Amino acid sequence: MQTSTKPLLSVRNLRTSFFQDEGTTKAVDGASFDVSPGKTLGIVGESGCGKSVTAQSILRIVDRPGRIVGGEILLTREDGSQTDLVKLEASGAEMRSIRGGDIGLVFQEPMTSFSPVHTIGAQLVEAVLLHNEVTPKEARRRGIEALRSVGIPKPERRIDEYSFELSGGLRQRAMIAVALSCDPRLLIADEPTTALDVTTQAQILDLLRKIQQERGMAVMLITHNLGVIAEMADDVVVMYLGRVVEQGSVDDIFHDPKHPYTKALLQSIPSIDSAPRVKLPTISGSIPHPFNRPPGCPFHPRCAAFIPGRCDAAEPALKAVGDGRQVSCFLYE
Amino acid sequence: MTNGANAGSGADRAPLLEVKGLKKYFPIRRGFLQKIVGQVKAVDDVSFVVHHGETLSLVGESGCGKTTTARCILRAITPTAGQVLLADEGEILDVATLPKHRLRGLRRQMQMIFQDPFSSLNPRMTLADIVGEPLLVHGVGNVTERTDRVVELLRLVGLRPEYMQRYPHAFSGGQRQRIGIARALALNPRLVVADEPVSALDVSVQAQILNLLLELQDRLGLTYLFVAHDLSVVKHISERVAVMYVGRIVETAPTEALFGSPRHPYTEALLSAVPKPDPRLRSERIVLQGEVADPANTPPGCHFHPRCMYAQAVCKEKAPALEEIAPEHFVSCHRARELSLRGVDIPVAGGV
């Protein structure tokens, strides 16, 4: 996985917390992973595991009262130098040029992420003008091109429509067009197909794969759907309660999972290929509220391989086990 | 509790619910006088049967009319045309035309489990009130008898009765869905309509609720009408599946037949579009072009023909009828008998 090429993005021990009146929520609590150039990194986890906050932290758009409290986010620039995004001013010029320029973002909700009072074109042209020194006419031409490249029919007409005039699938395509309009080297897609129907989802996943091959950009795909991960990702990061529990190539994760959480998660999904009406193995209990985070390994109250006195006493660190694989579990220490 | 009726299997079971030619059109009104300018044909001539003790799933993409069908069956909305026949102790009642004053009695037979466990429970009512409300409304027993029943119901769905005085906010998504299930079962219904009961839940919790639903069906002899869009969940829970597309049923078959050898091109595309949780199975998917047709402006002939790769001239002109082409396998496609379509393989259980 980590070959001679430098990772495009390297997240080291990232910690993001939300400071509320009721207490502090550690949404991301020491996450580390790398995104290699041209590859797809899948980040998978259930609600509350911190996958979306991780994406927001990378783009420095964490909503208040949230704040990055520690760690490094190293982005390799085009000249080979590395910039730590955590040290940049969130609304400063450099961060603004990276956000949308070097890193594009596709949100989950295509319904709410567009402004309903501006046309698709206005929002697309705004992004192009912000990151490129071009005339408005040229920006519009590029906008139409971007819409065409994501497979929107009649882009010359669609560019002057409002987001509510488009269907869910077309809106998500337009969202991708905005994200791609400035040729990002990394595209962060946060649950890009969750709000869509299966046949539309298949179209969007196909489009993402095609664009990635054409442009050779890296994609960070955040989702809770293990099927989407299996179809799309090269490498996978599994998160649970703000921590990375396991990391490895997609084949290793699905065929040789190491962490008890990954194993249980894979067993508990009903698969379209499995026999009908048999009892599914389940993970006992439910995801704890981040306020009542269990001590030690956060998964220990639900874990089948729980070692009393060990797992509830200390937190296991993310350790390398074999070729490019990392697991945080006492079973492998 | 009378629950001896879960023996027998397949076709020999008597129908509990029979839907015949169900239609629900919503008018589109425009202008100052609110003149009717068109109709959204949300459900357009849907017929199917649900047998005692079985699980039938209605599957389809958003806007295909599956939820509208379910709501017509419960008479939450009144259908435009068609019959909804429910077998009620030897008598057959047409739910679609029953006078309003008789509906309450009928609702003891049919209950619903809702999709969103966060908005379907009143935040100002305690668990005891929520689960006990159907009993109160239907005047079942006195206060102590009702409390006893609530305790029994909570145990049944795997919740601790000590939590009875708590409010919904104190519970997680999975637990709330259990509360919704307990409420639906309070009156011993025979038909339970579950509208996307697990789609708002996390994967690890989804499995718990699916197992609970299967277990309750075995214990209480329940009949489920399951409305869902997630095909892997549908495959897991149902005995028969009906696939809907733009207000019509395109294919109905026993689960294994539908997934293993689909006979309608839309079913084939739908099965192929589901991402499989195994990176070694990355295969050539059938990616449908275009979008789901607008139910207010449906294409002529077969609704699916503009996106169908097998479409011929006849598909544009004539709507195909739902025909039985194999035992219990109904398809509405002009070319159903000649096409050989690809399903998903069913490996032996446990073979990973």
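Order of the sequence lines fixes the chain letters, A, B, ..., with proteins taken first and strands second; residue numbering starts at 1 for each chain. Keep in mind it's a predicted model, so treat the numbers as computed, not measured.
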**Asked** With sequence neighbours left out, what residues match A:Arg148 under salt bridge (charged side-chain N to carboxylate O under 4.0 Å, His left out)?
**Response**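 Salt bridge (charged side-chain N to carboxylate O under 4.0 Å, His left out) list for A:Arg148, sorted by chain: A:Glu145, A:Glu156.
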
As an exercise: rank [options] by heavy-atom pairs under 4.5 Å with chain A and give me the winner.
options	result
B:Asn211, B:Val287, B:Leu214	B:Asn211
B:Gly60, B:Ser238, B:Gly63, B:Ala269	B:Ser238
B:Gln175, B:Gln206, B:Arg280	B:Arg280
B:Val205, B:Asp278, B:Leu231, B:Val234	B:Asp278
B:Asp202, B:Val233, B:Val274	B:Asp202

Mark yes or no for whether [X], through its side chain, and [Y], through its backbone, hold a donor-acceptor pair below 3.5 Å.
X	Y	answer
A:Arg277	B:Ile237	yes
B:Gln208	A:Ile283	yes
A:His224	B:Val203	no
A:Gln203	B:Leu288	yes
A:Asp197	B:Ser62	yes

| field | Over all atoms of both residues, closest heavy-atom pair of A:Pro281 and B:Ala207 | value |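 Smallest heavy-atom distance, with atoms named: O-CB, 4.1 Å.
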
>> Testing the basics here: between A:Ala202 and B:Ala273, what is the closest heavy-atom pair and its distance to 0.1 Å?
In response: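 Closest approach of A:Ala202 to B:Ala273, heavy atoms only: CB-CB, 3.9 Å.
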
Just wondering, more than 12 heavy atoms not from [X] lying within 6.0 Å of its [atom1]?
X	atom1	result
A:Arg293	CZ	yes
B:Arg155	CZ	no
B:Lys276	NZ	yes

Separation between [atom1] of [X] and [atom2] of [Y], rounded to the nearest 0.5 Å:
X	Y	atom1	atom2	value
B:Leu212	A:Thr282	CG	OG1	11.0 Å
B:Glu61	A:Thr200	CD	OG1	5.5 Å
B:Leu210	A:Ile269	CG	CD1	12.5 Å
B:Leu270	A:Thr199	CG	OG1	7.0 Å

* To do: May I ask you to test the B:Pro279-A:Glu231 pair for a side-chain heavy-atom distance under 4.5 Å?
  =>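 Heavy-atom side-chain distance check fails, nothing below 4.5 Å.
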
Q | Check against side-chain contact (heavy atoms from CB on, under 4.5 Å), A:Val198 and B:His229 | A | CA-CA 8 Å; A:Val198 264; B:His229 71 281; 6.0 Å; no

**Asked** Heavy-atom distance under 4.5 Å to chain B: side chain of A:Leu170, backbone, both or neither?
**Response**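 Backbone plus side chain of A:Leu170, per the 4.5 Å heavy-atom cut-off to chain B.
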
What part of A:Glu46 is in contact with chain B, defined as an atom under 4.5 angstrom from a non-hydrogen atom: side chain, backbone, both or neither?
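Looking at A:Glu46, backbone and side chain both touch chain B.
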
Measure [X] against the heavy atoms of chain A and call it side chain, backbone, both or neither at under 4.5 Å.
X	value
B:Leu271	both
B:Ser272	neither
B:Gln289	backbone

| query | Who among A:Gln267, A:Lys279, A:Gln201 has the most heavy-atom pairs with chain B under 4.5 Å? | reply |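 Top count of heavy-atom pairs under 4.5 Å with chain B: A:Lys279.
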
Quiz item: Please walk me through it: do A:Arg302 and B:Ser204 pass side-chain contact (heavy atoms from CB on, under 4.5 Å)?
Solution: CA-CA 11 Å; A:Arg302 306 177 72 193; B:Ser204 69; 3.2 Å; yes

